[in-house]
Number of protein chains: 2
Amino acid sequence: MNSATAGRARRADARRNYEALLTAGKSVFAESGTEAPLEEVARRAGVGQGTLYRQFPTREHLFAAIMSETIDLLDRTARDLLAAPDPWDALVRWLRLYDESAACYQGMTRRVAEGVADDASPVAAACAPMRASFGQLFDRARAAGLVRPDLTALQLFTMISALPKDPTSGTTIPPYLDVVLKGIRP
Amino acid sequence: MNSATAGRARRADARRNYEALLTAGKSVFAESGTEAPLEEVARRAGVGQGTLYRQFPTREHLFAAIMSETIDLLDRTARDLLAAPDPWDALVRWLRLYDESAACYQGMTRRVAEGVADDASPVAAACAPMRASFGQLFDRARAAGLVRPDLTALQLFTMISALPKDPTSGTTIPPYLDVVLKGIRP
DNA sequence: AACGATACGGACGAGGTGTCCGTTTCTCGG
DNA sequence: CCGAGAAACGGACACCTCGTCCGTATCGTT
């Protein structure tokens, strides 16, 4: 809803380069983490630096674009889980899925947590739907008295995002997640 | 136990500059966080870049030196608390003290957690005594059946270190700490 | 075909890290 | 006190990465 909103359609080469950069960004971020030099992204996409920065003014923009598919899946899953019978189980399932989704890009959850906390970040915009549906999932569990009442959805999300990851698997080390899940009960 | 181990005593100006850099480092890190440009540390200490990097080859070395007083205090406190009657209460007290100790340098706990995880880091060496005494404090509580048995002292330490901080106070947002403390019970 | 708009790409400036080496300063024996 | 020689200084420098700028090339349309 952003690229095509104003003006005409973009030129064909621009669209092609956008896709190439997205693909290159995914492979670079997957290999070297989300802090990898952006120059390598441009190189691998076969375009110049200028083109990279025109399509994605900052690293955050590129990151948000790369994550958008994952975010969409998490959003849809959260909405599906709202229909699940057990609110607690649904919440836990979603959190585990979120954790696993982050495995392929080292540093992803930290970046998501920071992005979500800053309204001006493109990541915050990309995450808005997911944040809303996770909020519902969380509120349902809390309203059922399954989660301590002084905790907010955003706080839980931030906390889970900040948990240290196992460098080999990319996911959170099991006891960490268990500790938080036990700790948020009232 | 390192500087004076081999060779003669260091020259007077070198010792003076070491102290000046330490003081400057504290003020810079306190003002601008532990990611602040090191050039500013040298400038504020009134020495050249070369001198800074000779005394502290990397940012980690400077950071470890700056933290050493705090680490010592935490180490001593942990050993004192071993004498406290309630193992759980002693553990909680120490963790809260650790959290508060980190308030003055933004980004400190994260850096400590990363340093402790890497044996080659000077931070790991600086933290070794504290880590050992905290380990005893933790093990005492766990042996008393007050902490889940599948958790290690290092894991808890890492987890607490990773919790997001309130930007204004510098300490962990209360519910986060409470969640973890509740979550680590068996 | 040709023109205007759009997009390209790489040179460039800024800001930071860490190194290198000619010069200065300290220390100590005479 | 003085004068070697070791120790330390400091800032220029090489390198990296980000993000910008602008002359040039390409696209799409008439």
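Each chain gets a letter, A, B and so on, in the order the sequences are listed, and its residues count up from 1. This is a predicted model, so every value here is computed, not measured.
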Give the nucleotide from the list D:dG19, D:dC9, C:dA7 with an atom nearest to the side chain of A:Ala14. C:dA7
Among C:dG18, D:dA8, D:dT17, which nucleotide sits nearest the side chain of A:Pro37? D:dT17
Which heavy atom of A:Pro37 sits nearest a heavy atom of A:Arg59, and at what distance? CA-NH2, 4.4 Å
For residues B:Thr109 and B:Ser161, report the shortest heavy-atom separation together with the two atoms involved. OG1-O, 2.8 Å
When the distance from [atom1] of [X] to [atom2] of [N] is rounded to whole Å, what number comes out?
X: A:Arg43; N: D:dT17; atom1: CZ; atom2: C1'; result: 15 Å
X: A:Tyr18; N: C:dC8; atom1: OH; atom2: P; result: 13 Å
X: B:Leu38; N: D:dG10; atom1: CG; atom2: C1'; result: 16 Å
X: A:Leu21; N: C:dA7; atom1: CG; atom2: P; result: 14 Å

A:Tyr18 and A:Phe56 aromatic centres sub-6.0 Å: yes
Verify the ring-centre separation between B:Phe134 and B:Tyr98: is it less than 6.0 angstrom? no
Can a donor-acceptor pair be found between the side chains of B:Ser133 and B:Asp75 at a distance below 3.5 Å? yes
Residues in residues 47-67 of chain A with a heavy atom under 4.0 Å of DNA chain C, by number, are A:Val47, A:Gly48, A:Gln49, A:Gly50, A:Thr51, A:Arg54
Mark yes or no for whether B:Glu100, through its side chain, and B:Leu97, through its backbone, hold a donor-acceptor pair below 3.5 Å. no
Sort and list the pairs that fulfil salt bridge (charged side-chain N to carboxylate O under 4.0 Å, His left out) and have at least one residue in residues 141-155 of chain A, not counting sequence neighbours. A:Asp139-A:Arg142, A:Arg148-A:Asp150, A:Arg148-B:Asp178
Do B:Arg93 and B:Trp88 form a cation-pi contact, if we require the NZ or CZ to be under 6.0 Å from the six-membered ring centre and within 45 degrees of the ring's axis? no
Take nucleotides 25-30 of chain C nucleotide by nucleotide from the 5' end and write B, S or -, depending on whether a protein heavy atom sits under 4.0 Å from the base, only from the sugar-phosphate, or from neither. BSS---
